[in-house]
Amino acid sequence: QAQLVESGGGLVQAGGSLRVSCAASGGTFSRTDMGWFRQAPGKEREFVTAIPWAGVRKYYIDSVKGRFTISRDNAKNTVYLQMNSLKLEDTAVYYCAAAREGYWYTGPDDFVSWGQGTQVTVSS
């Protein structure tokens, strides 16, 4: 399974932007679906977005569509989450996630490895 390390979280004002990154090791990154989850205080962890290793389609939950963008750099074994127009309700710990290598993406249940998380706090 992949080892994942997130970075780039922090404090940002509402309406601002932030980019978090996730460096992966221990597998063939270019053949691994990658995603981001988040967990807000007192809530369960939720799926946010995914970028499959095959194909061009990306997946987002409705609440972040048009504001968040997931991307990947296979040469750097890194996946990014660009977050724009941040809202107070985006405050959460953001976790990078990896699916099993070589699998076709079918949904959030595909993910089997998570990083330690990075805190994103949006202030008013």
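Looking at heavy atoms from C-beta onward, Tyr103 lies out of side-chain contact with Asp110 at the 4.5 angstrom threshold. Between Arg57 and Pro52, every side-chain heavy-atom pair lies at or beyond the 4.5 Å cut-off. Side-chain contact check for Glu6 versus Tyr94: every heavy-atom pair is 4.5 Å or farther apart. Looking at Tyr60 and Ile70, their side chains come closer than 4.5 Å, going by heavy atoms from C-beta outward.
Both Leu81 and Phe37 are members of a single hydrophobic cluster when ILVMFWY side chains are connected at heavy-atom separations under 4.5 Å. Under the 4.5 Å side-chain heavy-atom criterion for ILVMFWY residues, no single connected hydrophobic cluster contains both Tyr80 and Val93. A continuous path of hydrophobic side-chain contacts links Tyr95 to Val64 [ILVMFWY only; heavy atoms under 4.5 Å].
Scanning all heavy atoms of the two residues, the minimum distance from Ala50 to Phe111 falls at CB-CZ, 3.9 Å. The nearest pair of heavy atoms linking Thr78 to Lys76 is OG1-O, 2.8 Å. When all heavy atoms are compared, the tightest approach of Ser71 to Val79 is O-CG2, 3.1 Å. Between Leu86 and Val122, the shortest heavy-atom distance links the atoms CB-CG2, 3.9 Å. Residues Ala92 and Gln119 come closest through the heavy atom pair O-NE2, 3.4 Å. Between Arg72 and Asp33, the shortest heavy-atom distance links the atoms NH1-CA, 4.3 Å.
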I'd like a table of donor-acceptor pairs (distance under 3.5 Å, sequence neighbours excluded) in which one partner is a side-chain atom from residues 7-29, with atom names and distances.
residue, atom, partner, partner atom, Å
Ser17, OG, Asn84, OD1, 2.9
Thr28, OG1, Glu101, OE2, 3.2

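Atoms CD1 and CH2, on Ile61 and Trp36 in that order, are 14.0 Å from each other to the nearest 0.5 Å. Separating the OG1 atom in Thr32 from the CD1 atom in Ile51 is a distance of 12.5 Å, to the nearest 0.5 Å. Between the OG atom of Ser63 and the CZ atom of Arg38 there is a distance of 4.5 Å, given to the nearest 0.5 Å. The distance from the CD atom of Gln3 to the OG atom of Ser113 is 7.5 Å, given to the nearest 0.5 Å. Note that CZ of Arg31 and CZ of Arg100 are 15.0 Å apart. Values are rounded to the nearest 0.5 Å.
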Applying side-chain contact (heavy atoms from CB on, under 4.5 Å) to Phe68 and Thr49, what does each step give before you reach the verdict? CA-CA 9 Å; Phe68 289 13; Thr49 180; 6.0 Å; no
Applying ring-ring contact (aromatic ring centres under 6.0 Å, His included) to Trp104 and Trp53, what does each step give before you reach the verdict? CA-CA 8 Å; Trp104 292 102; Trp53 67 272; 5.6 Å; yes
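Remark: Glu44 CD is loosely packed, at most 12 non-hydrogen atoms of other residues, nucleotides or ligands lying under 6.0 Å away.
Relative orientation of the Tyr59 and Tyr105 rings is tilted, given thresholds of 30° and 60° on the angle between their planes.
Remark: Asp90 does not engage Lys87 in a salt bridge, criterion side-chain N to carboxylate O under 4.0 Å.
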